[in-house]
Amino acid sequence: MTTEHHPIPPSPVERRVAALEELLTEKGYVPEGFIEEFTRTYESDVGPMNGAKVVARAWVDPDYKQRLLEDGTNAIGELGFGGPEGHHIVVVENTPDVHNVVVCTLCSCYPWPVLGLPPRWYKDPPYRARMVREPRVLLQEMGCDLTDDVDIRVWDSSAEARYLVLPERPQGSEGLDEDQLAALVTRDSMIGVGRL
Amino acid sequence: MMPGVDGIHDLGGKQGFGPVEMETDEPVFHADWETRAMALPYGALAHVPNASTSMFRHAIERMQPAHYLTSSYYEHWLTAAATLAVEGGLVSREEIDERAGGTFPIAQPVRAGDVHAPPPHAARFHVGDRVRIRNLHPPGHTRCPAYIRGHVGVVTRLDGEWNVPDVEAHSTERIPEATYSVRFDAAELWGDEQTGVTVNVDLWDSYLDPP
């Protein structure tokens, strides 16, 4: 059996997207090529690989780390990253005693220039509802084990600041160079739902 | 009387949603329509009079609660884009329904009346100050989450001035005002026994009172 000659009909939401796009394009409200350019940017140019470079630089360069913690936006700009959702980035540092984790309970605010677009779970209700109420329980459920003596700071991005977590440098990484270190840094560790 | 419309989007602390479903090697977009739904507002809203991020967020917040909770992030964006395109006169309800081959659900009308801008004022608080969050339930847009209203926190950071979203969403006025990061003890917020947990919320000056 093949579906080749019986393609799945568009879903209702696909029909609605096509309808609005057609109408807005016909009326000249959406510029030609806009959607393709937008897609290319967020699929290829912007993503957690940018944040990983910021983290690795902070691990190898104490002066950079200090600038990053004092003025995240400008220190991140030094590496060439900025743009939408990046006009005020605050970097919060994990230590053996403090673990930081980021959420947006009202929508899905996220530091796009360094992490790209957020994963689906970050935007869906369970994470947004629970991270401010029971972070210790939820972090454990998500595979981020913390001992009870580690303080947790939850950051709800409800105004203009966008948060990037600076994870702890993993033990045993002393001999690695900056590029090798960046390869160790996960998106989840920079949201604060994972450790390295 | 204009009832408050604390929106369904204000999810902090709501119970019953179950586990967070993580996905291995998640793609940026799961389908072509998601990409298009996200790009459309950027293309179109430049043509909506007085458009702002606050106005766009509020269009999402005005979605029917059941629709909001049963649709994805990108469907929220699509619905908000269609809502503002209709309200801004770029397209008509009839046009989008006809083109979609059925009813195109858009958000509910704006219920905020005249939103009175707070008088511009300098930052009233400093790092280390205790502040109580005002018990506000405005009929329009706000960025003051419900779960902290009435609670006392401590200012930990001053972030400079940004336009008050409650005004920006409903008015041509732009009122820059100081914003702060305010730290709350989680056990105090939720009346439970959790220890060593703070919740840090970023707030505009006019959401705050002295304790």
Side-chain angles (χ1 to χ4, degrees), chain A residues 11-24 27 29-31 34-35 38-39 42-43 47 88 90 103 105-108 116-121 123-130 132-136 138 141-143 148-161 188, chain B residues 9-15 17-23 26 28-30 33 35-40 42-44 47 57 60 69 72-73 75 78 81-82 85 90-91 95-96 99-102 104 143-145 147 157 159 162 179 181 186 190 194-204:
Chain A
S11 65
V13 72
E14 287 172 313
R15 282 203 302 273
R16 299 205 296 274
V17 172
L20 189 63
E21 182 182 337
E22 282 170 25
L23 283 165
L24 291 173
K27 292 167 185 270
Y29 294 122
V30 178
F34 181 86
I35 290 175
F38 184 93
T39 308
Y42 286 100
E43 285 189 333
H88 186 63
V90 174
V103 64
T105 60
L106 294 175
C107 51
S108 309
L117 300 179
R120 192 146 63 181
W121 57 260
K123 301 174 285 195
D124 282 348
Y127 184 77
R128 290 165 50 201
R130 296 180 62 199
V132 293
R133 182 160 188 151
E134 46 176 1
R136 218 176 270 284
L138 184 55
E141 270 183 39
M142 295 176 77
D148 285 347
D149 58 339
V150 176
D151 284 350
I152 297 175
R153 291 182 189 158
V154 180
W155 300 90
D156 188 352
S157 332
S158 44
E160 297 294 331
D188 289 354
Chain B
H9 68 286
D10 189 355
L11 289 170
K14 295 288 188 295
Q15 293 178 304
F17 285 115
V20 171
E21 306 277 359
M22 299 176 93
E23 189 180 335
E26 178 173 348
V28 175
F29 296 105
H30 290 77
W33 74 262
T35 320
R36 312 189 89 75
M38 183 165 189
L40 275 177
Y42 284 96
H47 304 278
R57 286 196 179 121
I60 293 176
L69 288 178
S72 70
Y73 175 78
E75 189 167 340
L78 170 69
L90 308 188
V91 296
E95 279 178 313
I96 59 171
R99 195 67 70 102
F104 194 133
R143 292 292 286 181
C144 183
Y147 71 90
R157 203 182 65 240
D159 269 345
W162 305 94
T179 57
S181 189
W190 305 113
Q194 56 186 314
T195 55
V197 180
T198 61
V199 179
N200 300 266
V201 186
D202 294 345
L203 299 162
W204 269 263

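Looking at Y29(A), the atoms closer than 4.5 Å to chain B (heavy atoms on both sides) sit in the backbone and in the side chain alike. For R57(B), the part lying near chain A is the side chain, with the backbone staying farther off; criterion is any non-hydrogen pair under 4.5 Å. Contact annotation for E95(B): both backbone and side-chain heavy atoms come within less than 4.5 Å of a heavy atom of chain A. With a 4.5 Å cut-off on non-hydrogen atoms, S11(A) does not touch chain B at all. At a 4.5 Å heavy-atom cutoff, S72(B) makes no contact with chain A through either its backbone or its side chain. Contact annotation for E141(A): only side-chain heavy atoms (C-beta onward) come within less than 4.5 Å of a heavy atom of chain B.
Chain B forms the most heavy-atom pairs under 4.5 Å with one residue out of D148(A), D188(A), D151(A), and that residue is D151(A). Interface check for chain A: of the options K14(B), E23(B), H30(B), the most heavy-atom pairs under 4.5 Å are formed by H30(B). Chain A forms more heavy-atom pairs under 4.5 Å with one residue of D159(B), D10(B), V91(B) than with any other, namely D159(B).
Note that CD1 of I152(A) is 8.0 Å distant from CD of Q194(B), once rounded to the nearest 0.5 Å. Note that CZ of R120(A) and CD of E21(B) are 10.0 Å apart. Values are rounded to the nearest 0.5 Å. For the atom pair CH2 (W33(B)) and CZ (R15(A)), the distance works out to 13.5 Å, reported to the nearest 0.5 Å. Between the CD1 atom of I35(A) and the CG atom of L40(B) there is a distance of 4.5 Å, given to the nearest 0.5 Å. Going from atom CG of N200(B) over to atom CZ of R153(A) covers 7.5 Å, rounded to the nearest 0.5 Å. Atom CD1 of I96(B) is separated from atom CD of E22(A) by 13.0 Å, given to the nearest 0.5 angstrom.
When all heavy atoms of R16(A) and F104(B) are compared, the closest pair comes out as O-CE1, 3.3 Å. Annotation for V201(B) and S158(A): closest pair CG1-OG, 3.2 Å, computed over non-hydrogen atoms. The minimum heavy-atom distance linking W162(B) with H88(A) is given by the pair CZ2-CB, 3.9 Å. Taking every heavy atom of both residues into account, A81(B) and L20(A) meet most closely at CB-CD2, 4.0 Å. V132(A) approaches G13(B) most closely through the heavy-atom pair CG2-N, 3.6 Å. The shortest heavy-atom contact between T195(B) and R136(A) is O-NH2, 2.9 Å.
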request  = Step by step, work out the side chain to side chain contact (heavy atoms under 4.5 Å, CB included) result for Y42(A) and T35(B).
outcome  = CA-CA 9 Å; Y42(A) 286 100; T35(B) 320; over 6 Å; no
task = With side chain to side chain contact (heavy atoms under 4.5 Å, CB included) as the test, would you mind laying out the steps for K27(A) and L90(B) before giving the verdict?
result = CA-CA 8 Å; K27(A) 292 167 185 270; L90(B) 308 188; 5.6 Å; no
Residues D156(A), Y147(B); criterion side chain to side chain contact (heavy atoms under 4.5 Å, CB included); working and verdict = CA-CA 11 Å; D156(A) 188 352; Y147(B) 71 90; 2.7 Å; yes
ask   = What do the steps show when you test V20(B) against L138(A) for side chain to side chain contact (heavy atoms under 4.5 Å, CB included), and what is the final call?
value = CA-CA 8 Å; V20(B) 171; L138(A) 184 55; 3.7 Å; yes
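Side-chain contact between F29(B) and L117(A): present, with at least one pair of heavy atoms (C-beta onward) separated by less than 4.5 Å. The closest side-chain heavy-atom distance from V90(A) to R157(B) is below 4.5 Å. At least one side-chain heavy atom of R143(B) sits less than 4.5 Å from a side-chain heavy atom of C107(A).
The side chain to side chain contact (heavy atoms under 4.5 Å, CB included) test with R36(B) is passed by exactly one of V17(A), T39(A), V30(A): V17(A).
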